[in-house]
Each structure stands twice: as C-alpha cells, then as structure tokens.
Amino acid sequence: MSSTAKMAGFQIPSGKMLIDGKWCEAASGKYFDTYNPATGEVLGKVAEGAEQDIDRAVRAARKAFEEGPWPQMSATERGKLLYKLAEAIREHGEELARIETLNCGKPISDARNIDVALVADCFEYYAGWANKIHGETVPVSGPFFNYTLREPVGVIGQIVAWNFPMLLAAWKLAPALATGNTVVLKPAEQTPLTALRLGELCLEAGFPPGVVNVVPGFGQTAGAALVAHRDVDKIAFTGEYITGQIIMREAAGTLKRLSLELGGKSPNIVFSDADVDAAVAGSMAGIFWNQGEVCCAGSRLFLQESIHDQFVEKLVAQTKKMKVGDPLQPDTQVGALVSSDHFNKVMSYIKAGKEEGAKLLTGGDQPIKPGYFVSPTVFDGVRDDMKIAREEIFGPVLSVIRFRDVDEVVSRANNTFYGLAAAVWTRDVAKAHTLARKLKAGTVWVNTYNVISSMSPFGGYKMSGFGRELGMHALELYTQVKSVWVNMAS
Ligand code: NAD
Ligand code: MN
C-alpha cells in the first residue's frame with residue numbers, strides 16, 4: 001500500500017482508508033491517533049472518516065453491487081475468493097496477531113490461537129456456503145410455476161466493537177460476501193488496524209474494487225453517517241445496547257434492515273453436583289478471558305450454597321495465580337484493557353462494588369503501570385440489586401452470588417434485560433437440559449464456557465439484540481427472498 005508505518009517489524013496500514021479498491025485519505029484530511037493500551041503509546045495515525053468518506057464508500061459499494069465483475073461472478077467463484085482470503089489470513093497470521101495485540105491489549109497467545117484461527121475458519125466456513133444457497137420450488141395451486149430466489153440484500157454497513165476487532169469484522173464480512181453483498185465496514189475507533197489490514201488482504205485475494213470498503217472513524221460521525229445513508233440497505237452492528245438503541249432509531253428513517261449484537265450480563269450457574277474443579281477453571285475462563293472484555297462473559301457466578309465456600313476458596317487461589325502483564329509475552333493470560341476511558345469505567349464499577357457492600361476477595365487494583373491493566377477481581381456476597389450484578393462491566397470483574405435451589409436460580413438468572421448467554425454446571429443430565437430451555441439466552445453452555453464455532457449461531461435474546469450471526473442462520477441476515485410467478489396456462 002502507498003502509506004504504511006513500520007511497527008514491531010510489521011507493516012501496518014496508516015493514514016489511509018480503503019474505498020473502491022484504493023487507499024485514500026479522509027476528505028477532511030484529518031487523522032486520529034491509535035494506541036497501544038499496554039503502554040499508552042501512539043501506534044500510528046489513522047484516517048478519520050466522516051460523512052463524505054462514508055458517502056464515497058457507499059457509492060463505490062453500490063456501483064460494485066450493481067455493475068462490474070462482482071454481480072457477474074458465480075457463487076463458486078465467490079467461494080473461491082473467500083477460501084483464498086482464509087489462506088492469506090493464515091499466511092499472515094503472526095502479523096495479524098501482533099497488530100491485534102498491540103492495538104487492543106489482548107494476550108498474544110489468544111490473538112494467535114483464537115482470534116486469527118477463528119477468523120480464518122470463519123471465512124473458510126462461509127466460503128463453503130457460497131454455492132450451497134438456493135431457493136425452492138413451491139407447489140402452488142393453479143396453472144403457475146412458482147419459485148423463490150435467495151438474493152443478496154445489497155450494500156451492507158457493518159459497525160463493530162473493539163474487543164475482538166478482527167473476529168467481529170470476519171463474522172460480518174464472511175457471510176455478507178458469501179451471499180454476494182458489498183460492504184462498508186466501520187471498525188471501532190479504538191482498534192482500526194486489523195480491519196484495514198484485512199481489507200488489504202481482501203484486495204490481494206482478488207475481491208473486485210468496491211466490494212469491501214473499510215472506513216475508520218468515530219461513531220457519531222462515520223458510524224452515524226453510515227446508519228443514516230439512503231443507499232445502505234442494511235446495518236449489522238456489534239456494540240453496546242445504548243448504541244443499538246440509537247442506531248435502531250436512526251435506521252427507522254430509511255427503514256433499513258438491522259441486526260444487533262449487543263451486551264450481556266450472563267449468568268454462570270454452578271450446582272452442588274458439578275465437577276467443582278472443572279467448574280472453577282471454566283468460570284475463570286468465563287470471566288477473565290480477554291480481560292473480561294467479552295460480550296458473553298460469565299459475569300454473574302451463581303453458586304449453590306453447599307459448595308460455595310470450597311468453590312470460592314479454589315477460585316480465589318487460582319485467580320491470584322493468573323499472569324497479568326505484557327500482552328506480547330506468550331505466557332500472559334490477562335492483558336491490558338482497551339483504553340484509559342474503559343479502564344476508568346471498570347475501576348468505577350469496582351469502587352461501586354465496594355461501596356454497595358460486596359466483599360472484595362482479590363484484585364480490584366492496577367497491578368502494572370503504565371498501561372490499562374486491572375487485576376482479575378472477585379467480589380463475593382453480591383446481591384442481585386447491586387450495580388455490579390446488574391450492569392455490564394466488560395472487565396475482569398466477577399460477582400459471586402449464592403442460591404439455594406433450581407427454580408430460584410432460574411428466575412434470578414433471567415432477571416436481567418440482557419439475554420446473550422448462560423451456563424450451567426451439573427452432572428445431572430435432566431437438570432442441564434431443563435435449564436437449557438428455561439434460561440432466556442441466545443447461547444447456553446453446559447459444563448463449559450465461551451465455546452464458539454463458525455458453525456453454530458450466536459446472538460441475543462431480549463436487549464442483547466436480534467439476528468443470529470455464524471452458522472447457516474447468518475445467511476438469513478444477508479439474503480432476501482423473492483417469489484417468482486410464471487403463468488403456465490397455454
Ligand atoms: P459501542 O456501542 O460504544 O461502539 C461500537 C461501534 O459503534 C463502534 O464502532 C462505534 O464507533 C460505533 N458507534 C458509536 N456510536 C454510534 C452511532 N451513534 N451511530 C453509529 N455507530 C456508532 O460499543 P463498544 O464499546 O465498542 O463495545 C463494547 C460493547 O460491545 C459491549 O456492550 C459488548 O457486550 C458488545 N459486544 C457484543 C458482541 C456480540 O456479539 N453480542 C460482541 C462484542 C461486543
Ligand atoms: Mn463504548
């Protein structure tokens with residue numbers, strides 16, 4: 001590309017955005033800095049996209065959708081491009097992992113083994129779908145031949161969060177491209193780098209100009225312009241429920257299709273008949289993975305009374321052993337939070353927990369400076385009405401809550417406006433499946449936590465959003481059905 005910044009031995013896109021297959025500056029000429037949250041240092045300058053840039057990108061996406069090679073391409077050819085992209089991601093895996101870690105603070109071992117691996121897998125999975133999507137013939141009455149066509153929706157605006165910058169982009173790009181749409185992607189302002197690099201890899205893989213456009217910028221300018229744009233057919237959004245509410249209101253003006261992946265306050269329920277050691281390890285992974293910056297994090301740990309004390313003892317002992325530190329070190333388990341704003345938000349929840357009378361068992365501090373590190377934190381004695389039990393903290397902060405029996409825990413677990421995920425730990429098969437039905441959440445894990453696959457749908461109940469990403473369900477987000485009637489009467 002024409003302008004790059006050298007960083008940690010790797011080239012990262014800098015100061016440009018990707019529109020119509022070309023790298024260009026913002027119309028305003030503005031830039032914003034992007035940071036390494038583990039040090040607070042500036043990593044580079046990023047083009048600051050706004051209304052005019054979004055308009056340019058949408059026009060390029062519209063043109064690419066209506067004309068040129070993309071709509072002519074067969075489904076099999078689209079699939080091949082996606083396979084090629086998956087391969088390119090694996091080839092550049094180390095570079096992508098390092099950029100991701102430097103920009104968002106997550107441990108490098110996760111960036112390599114989870115983020116990059118899942119991103120490549122996601123493109124490969126939807127590559128396989130590209131030529132397996134088709135309509136039906138319908139046995140209607142009368143002298144008619146009726147069939148359906150499953151067509152792309154058109155120009156898709158995709159707006160994502162910063163906690164899995166590249167993975168969230170992949171969840172959105174892969175099914176949209178497999179089904180023949182064109183895309184304008186707006187990465188989170190905190191973490192624009194891997195999305196830009198992914199855009200570059202799309203170009204190299206051979207996606208025609210305008211099919212994938214990447215416009216970094218802020219939510220209230222670039223994001224809002226994308227949502228309001230008359231020529232965008234659909235918005236796919238991942239972020240906070242409050243932003244989801246704004247987007248839903250703003251999208252009403254043009255009645256855009258909308259899918260929303262929002263936050264959570266997911267219950268993780270451990271019964272006394274569970275394998276306690278497995279549940280301790282799973283609960284820690286459930287809340288401390290990715291510094292707790294996980295939409296489906298198991299932030300409310302419900303422990304059945306009889307195992308509470310031994311469980312908490314093990315949990316705290318093991319939590320204290322977690323390795324917090326330099327995200328680039330391969331043995332780091334907990335990296336830095338994404339920004340100083342987010343660090344302050346998480347610390348303010350820790351303060352609120354203490355003020356409301358929850359018992360801080362471990363953590364609650366900033367173990368390393370500089371950088372936005374927070375020690376894995378466990379609060380015991382949390383009541384359902386406390387702020388730390390109700391609101392999404394999006395950090396490494398666990399609220400331990402006691403319960404007595406099944407019915408009670410189901411109603412307390414469901415007593416939240418969120419509904420993204422839930423987990424149950426028990427050796428009783430009937431209890432596990434009964435709870436899987438009763439818990440109001442888009443994902444329920446039994447005797448595990450945070451397992452995700454490209455093949456299985458992911459999304460929210462209630463105010464955690466609507467629409468399902470991943471699996472075959474995401475194909476519905478990016479296609480629309482046309483009914484065609486042919487008069488057969490002679
Ligand atoms: P956010 O809502 O602050 O921002 C998300 C994106 O929306 C960013 O790109 C931002 O620039 C943009 N945006 C902000 N205001 C906008 C506006 N008015 N119009 C259009 N776009 C706008 O979310 P965040 O802080 O980046 O991410 C954290 C949240 O994301 C958490 O609530 C988390 O649970 C959620 N999340 C959900 C999932 C899921 O799959 N359900 C996955 C990851 C994160
Ligand atoms: Mn936010």
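All residue numbers refer to positions in the sequence shown, counting from 1. Atoms within a ligand are numbered from 1 in the order they appear, just like the ligands themselves. What you see below is based on every heavy atom in this structure, not just the backbone, and it leaves out hydrogens, waters and symmetry mates.
- An N or O contact shorter than 3.5 Å is missing between W171 and ligand 1 by distance.
- For a threshold of 3.5 Å applied to N or O pairs, the pair formed by E261 and ligand 1 contains at least one separation below that value.
- Aromatic pair F343/F373: centroids not less than 6.0 angstrom apart.
- Residue R390 qualifies as enclosed at atom CZ: its count of foreign heavy atoms under 6.0 Å is above 12.
- Between the choices G264, G239, A161, the shortest heavy-atom distance to atom 35 (C) of ligand 1 belongs to G239.
- Checking side-chain atoms of D53 against main-chain N and O of A26 turns up no donor-acceptor pair under 3.5 Å.
- The presence of a protein heavy atom under 4.0 Å from atom 4 (O) of ligand 1 is ruled out.
- For the pair T101 (side chain) and K106 (backbone), a donor-acceptor distance under 3.5 Å is present.
- Within the 4.0 Å heavy-atom criterion, the part of F458 lying near ligand 1 is the side chain and not the backbone.
- In this structure, a donor-acceptor pair under 3.5 Å is present between the side chains of E100 and T194.
- Looking only at atom types and distance, the side chain of N268 has no donor-acceptor partner in the side chain of W445 under 3.5 Å away.
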Side chain to side chain contact (heavy atoms under 4.5 Å, CB included) between M166 and L198, intermediate numbers included: CA-CA 8 Å; M166 188 168 42; L198 211 51; 4.0 Å; yes
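- Nearest protein neighbour of atom 18 (N) of ligand 1, counting heavy atoms only, is I246 CG2, 3.8 Å.
- Regarding atom 32 (O) of ligand 1, its nearest protein heavy-atom neighbour is E392 OE1, 2.6 Å.
- Residue W162 places at least one N or O, backbone or side chain, under 3.5 Å from an N or O of ligand 1.
- By the 4.0 Å heavy-atom criterion, G460 is excluded from the residues contacting ligand 1.
- Protein heavy atom at the shortest distance from atom 9 (O) of ligand 1 is V160 O, 2.8 Å.
- With ligand atoms numbered from 1 in the order given, ligand 1 contributes 2 (O), 5 (C), 6 (C), 7 (O) to contacts under 4.0 Å with heavy atoms of F237.
- T332 contributes no side-chain N or O that, together with a main-chain N or O of P327, makes up a donor-acceptor pair within less than 3.5 Å.
- At a 4.0 Å heavy-atom cut-off, ligand 1 does not touch C296 at all.
- Counted by atom type alone, N181 and T179 present one or more donor-acceptor pairs between their side chains at under 3.5 Å.
- Contact analysis leaves G465 out of contact with ligand 1, as no non-hydrogen atom separation drops below 4.0 angstrom.
- Residues satisfying the side chain to side chain contact (heavy atoms under 4.5 Å, CB included) criterion with L361, sequence neighbours excluded, are V312, V316, K359, V378, D380.
- With waters left out, the protein N, O or S atoms under 2.8 Å from the Mn ion (ligand 2) add up to 1.
- Residues forming a side chain to side chain contact (heavy atoms under 4.5 Å, CB included) with N414 (at least two apart in sequence, or on another chain): V410, L439, K440.
- Using a 4.0 Å cut-off between heavy atoms, I159 contacts ligand 1 through its side chain alone, with no backbone atom that close.
- Across every non-hydrogen atom of A174 and F123, the tightest pair is CB-CD2, 3.6 Å.
- Side-chain atoms of Y31 do not come within 3.5 Å of backbone N or O of E25 as any donor-acceptor pair.
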Residue pair W171, F458: steps toward the ring pair (Phe, Tyr, Trp, His ring centres under 6.0 Å) verdict: CA-CA 10 Å; W171 287 15; F458 186 84; 5.3 Å; yes
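- Annotation: cation-pi pair K345/F394 absent, no NZ/CZ under 6.0 Å from the ring centroid and within 45° of its normal.
- A search for side chain to side chain contact (heavy atoms under 4.5 Å, CB included) contacts involving K132 returns W129, not counting sequence neighbours.
- Against a heavy-atom cut-off of under 4.0 Å, G223 is close to the following atoms of ligand 1: 19 (N), 20 (C), 21 (N).
- Within the structure, the closest approach of P187 to ligand 1 falls below 4.0 Å when heavy atoms are considered.
- Among protein heavy atoms, atom 36 (N) of ligand 1 sits closest to C295 CB, 3.5 Å.
- Between F417 and Y241, the gap from one ring centroid to the other is short of 6.0 Å.
- If you number the atoms of ligand 1 from 1 as listed, the ones under 4.0 Å from a heavy atom of L262 come out as 34 (O), 37 (C), 38 (C), 39 (C), 41 (N).
- With Y349 as the aromatic partner, K387 meets the cation-pi criteria of under 6.0 angstrom to the ring centre and within 45 degrees of the ring axis.
- Protein heavy atom nearest atom 13 (N) of ligand 1, with residue, atom name and distance: G219 CA, 3.3 Å.
- Considering backbone and side-chain atoms alike, L420 places every N or O at 3.5 Å or more from each N or O of ligand 1.
- A salt bridge is absent between E476 and R468; no separation between the charged side-chain nitrogens and carboxylate oxygens falls under 4.0 Å.
- Those atoms of ligand 1 with a heavy atom of T238 less than 4.0 angstrom away are 5 (C), 36 (N), 37 (C), 38 (C), 39 (C), 42 (C), 43 (C), 44 (C).
- The protein non-hydrogen atom at the shortest distance from atom 11 (O) of ligand 1 is E189 OE1, 2.6 Å.
- Ranking the protein heavy atoms by distance from atom 15 (N) of ligand 1 puts T243 CG2, 3.4 Å first.
- Contacts with ligand 1 closer than 4.0 Å are made by no heavy atom of V294, backbone or side chain.
- In this structure, the protein non-hydrogen atom closest to atom 43 (C) of ligand 1 is N163 OD1, 3.2 Å.
- For a threshold of 3.5 Å applied to N or O pairs, the pair formed by K186 and ligand 1 contains at least one separation below that value.
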